[in-house]
Amino acid sequence: MLEKLNEQQKKAVQITKGPLLIIAGAGSGKTKVLTTKIAYLLAEELALPQEILAITFTNKAAKEMQMRIRGMVGKKANEMQISTFHSFGVRIIRENYTRLSYSRNFTIFDASDSLTLVKKILKEKNLDPKMHNPKNIKNRISSCKNNLVTAETFKKYINSYHDEIFQSVFAKYEEKLKKSNAVDFDDLLLKPIELFQKYPAVLAEYQKLFRYILIDEYQDTNEAQYVLVKKLVNKEQNICVVGDESQSIYGFRGSNYRNILNFEKDFPKCQQVVLEKNYRSTQNILDVANQVIKYNARKKEKKLWTDKEAGAEVVVNVLLDEHQEAEYVAQTINDLKNQGADLNEIAILYRTNAQSRVFEETILRKGLPYRIVGNVHFYHRKEIKDLLAYLKLIYNVNDDVSLLRIINEPSRKIGPKSLADLEQRAQASNEVLFAALTTEKELTFKNLITELRQLSNEVSLTELVEETLQRSGMREELEKENSAKAEVRLENLEEFKSITKDFEEKYGIISLEDFLAEISLVTDVVEYEEDIPQITLMTIHAAKGLEFKYVFVVGMEEDLLPHANSQGDLEELEEERRLCYVALTRACEQLYITYTKNRQLFGRRTLSIPSRFIDEMNLMTCEEVTVNNTNSDDNIDEDIEFTVGEKVVSDKYGQGIIVEVSNDILTIAFAKDVKKFIKGHKSIKKVKEE
DNA sequence: TTTTCAAACCTTTTT
DNA sequence: GGTTTGAAAA
């Protein structure tokens, strides 16, 4: 097990007692160390699987770690708690809902539920949303919570009329959440802390259970997570944290890289291992990354080195605008492909999601396969949110936010006026909305939910979804509409059913409870990636922890990276620099950096300034490039017009319907999945309606 | 009550 | 350039 590790890595694995801080530079094999360490604990019988608590940053990372450990130790791996902080929080709350005075069927509000709730409160308080931006308020509530500031304690910080308003909304928000028998995302961390403060005996139980605590990406923990960890650590202090303050990039979410710098103060007995050997990148790439990060003030001393060769020079290219930039990247990728490169080894990294569009268009035009990570918001679609609201309400009838979303969806002739009336009645009798349903129309709805609720105890999840679609009238409404849009929505709902089916196949019978808990923490659609090579497009944030042979870091300009909003604030500027560092260190063999001379921003063309980070890289060459647009492709007939709803047939995917026509891109839904094409591409032909 | 269309808003990054 | 919100018509 230890054979494949270097001396430092071995040391990190073999220190099993007491606090351990592992400073792991980019590409130094920290995931390998963590997984080996866990396997080692089990193999040496230092810990039982259930005594291990391993916290990762994303659900994806958790799954991957579990899989790797399973590979080493077998199915014992399934008994370990490997999850994100948030999923761990769900477990704790579910095991202690009574002590936290929730009912068993509490639900989790996602970000948009929270926002809806804030908006609702503003309305009730007759506050103008233009004066008091709901999104800002929501974010402020969130950052308070992540810093363990409650609505009550915030009173101390009130400094202005604005603060006063905020405090009252915050307080009301908490009250309403509670009344809805719901928790928000931040509560998943807060409630366990609350529990442990109130019930030391319960905390002691968990401390006894989790004898080994391991935390990945420790530099990205926030105050709440930090406190939670400190509480959980028992006398043995078998806590191992791994991180790299140079890669802390979630400050906007309250993460505090000082947690890692302060670890030694928190645990004076701690031992420290520094992993400095980089297994990922060539010397040239490391040099460039090190040059940049040097400009940040506070950091633990470490110097990444590699025994790899210098490798190819890092390339910086200047392009006229974002279209040329995309064209250049696409052509370069095409060349790489022709030289035999695997597309799975190629990534395009950008600062903001908005930048992805031009790349998508251009790559599509070239006919190169690609995937955009974290951009397809399946669960954000209206019909899916509606269906989820039904499920949430069925599960927890106190959930006013879900009720309001669907009481008139499909139309039951309960408009704003009737709703205002309903809310007034509920308020008068201090009941939740569901309990206050009394008029004839309202009772029809109430009966529907009650029936489905009953049903939820009797049938499988997929059947429940089916019955909900049927009995709510959602399906009928969409079928009646007989439009393309409606047809797509129907398909999405079918897709949802296949998700529940997959769940059932994987876990056997799954309760509504488990399903909702699982799904509210999933931000990405389950990726059913066929095993085809494709280019990866994603934000730099999403790329953390990943590596690619060829990396294109695009839009290396002032106001983009570093982002405009972070100019002027030194702390934020340093975070942007770390972000840049993360981007550069994703590359194994070849790193391409681009910036433009002008770019469309906010719908306006503006002159761009090369990022200060480019100067900091201290490179020899920077080449200005012009690329020919190879758009006049034989494969594309620009003159054909397409409209949403038209039936088409593709050479590859068979029959489909056009879901969306935007600019040059057609989105087409096929029987199996939804694909995008460039408008007029020869492989797509119209189908004549009979 | 629902639909439609124009104006306003917007974009940092996300568990 | 795209999406959400608001007011006015149907």
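Every value quoted in this text rests on a predicted model; they were computed, and no experiment measured them. Order of the sequence lines fixes the chain letters, A, B, ..., with proteins taken first and strands second; residue numbering starts at 1 for each chain.
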Go through C:dT5, B:dT13, B:dT11 for me and flag the one nearest to the A:K135 side chain. B:dT11

Classify the nucleic acid contact of A:S418 as base, sugar-phosphate or nothing, counting any heavy atom under 4.0 Å across all strands shown. sugar-phosphate

Toward the 5' end of DNA chain B, by each residue's nearest nucleotide, A:K417 or A:T58: A:K417

Pairwise distance OG(A:S608) to CG(A:L320) - rounded to 0.5 angstrom: 9.0 Å

Rounded to the nearest angstrom, tell me the gap between atom NZ in A:K138 and atom P in B:dT14. 13 Å

At 4.0 Å (heavy atoms only), tell me whether A:K544 reaches a base, stays on the sugar-phosphate, or touches nothing. nothing

Using the side-chain heavy atoms of A:S411, tell me which of these nucleotides is nearest: B:dT13, B:dT2, B:dT15. B:dT2

Ring-on-base stacking between A:F85 and B:dT15, under 5.5 Å between centres and under 30° between planes: is it there? no

Closest to the side chain of A:Y250, out of B:dT14, B:dT15, B:dC10, is B:dT14

How many whole angstroms separate atom CG of A:D128 from atom P of C:dG6? 10 Å

If only side-chain N and O atoms of A:N222 are considered, is one of them under 4.0 Å from the OP1 or OP2 phosphate oxygen of B:dT15? no

Strand partner of C:dT3, provided both Watson-Crick or wobble distances fall under 3.5 Å: B:dA8

Just call it for A:Q600: base, sugar-phosphate, or nothing, with non-hydrogen atoms closer than 4.0 Å on any strand. sugar-phosphate

Under 4.0 Å between a side-chain N/O of A:R357 and OP1 or OP2 of C:dG2, yes or no? yes

Using whole Å, what does the distance between atom P of nucleotide B:dT2 and atom CG of A:N408 come to? 5 Å

Which nucleotide in the list B:dC10, B:dT13, B:dT15 gets nearest to the side chain of A:R351? B:dT13

With C1' as the reference atom in both, quote the distance from C:dT5 to B:dT12 in angstrom, rounded to an integer. 23 Å

Exactly one of A:K382, A:K385, A:R489 clears salt bridge (Lys or Arg N to Asp or Glu O under 4.0 Å) with A:E409, and that residue is A:K382

Under the criterion salt bridge (Lys or Arg N to Asp or Glu O under 4.0 Å), which of A:E245, A:E223, A:E571 is the partner of A:R258? A:E571

Between A:F263 and A:Y218, is the gap from one ring center to the other below 6.0 Å? yes

A:H563 ring over B:dT12 six-membered base ring, under 5.5 Å and 30°: yes

Distance in angstrom units between A:E574 CD and B:dT13 P, rounded: 22 Å

Can you check the A:L189 CG to B:dT14 P distance for me, whole Å? 18 Å

Expressed in angstrom and rounded to an integer, what is the separation of A:I407 atom CD1 from B:dT1 atom P? 12 Å

Toward the 5' end of DNA chain B, which comes first, A:E477 or A:A354, by nearest nucleotide? A:E477

So if I apply the ring pair (Phe, Tyr, Trp, His ring centres under 6.0 Å) rule between A:H541 and each of A:Y350, A:F57, A:Y250, which one comes out positive? A:Y250

May I ask you to check whether A:F210 and A:F88 place their ring centers less than 6.0 Å from one another? yes

In this structure, how many angstroms lie between the P atom of C:dT5 and the CG atom of A:L122, rounded? 13 Å

Please state whether the phosphate of B:dT11, meaning OP1 or OP2, lies under 4.0 angstrom from any side-chain nitrogen or oxygen of A:N565. no

Round to a whole Å and report the spacing from CD of A:Q225 to C1' of B:dT14. 12 Å

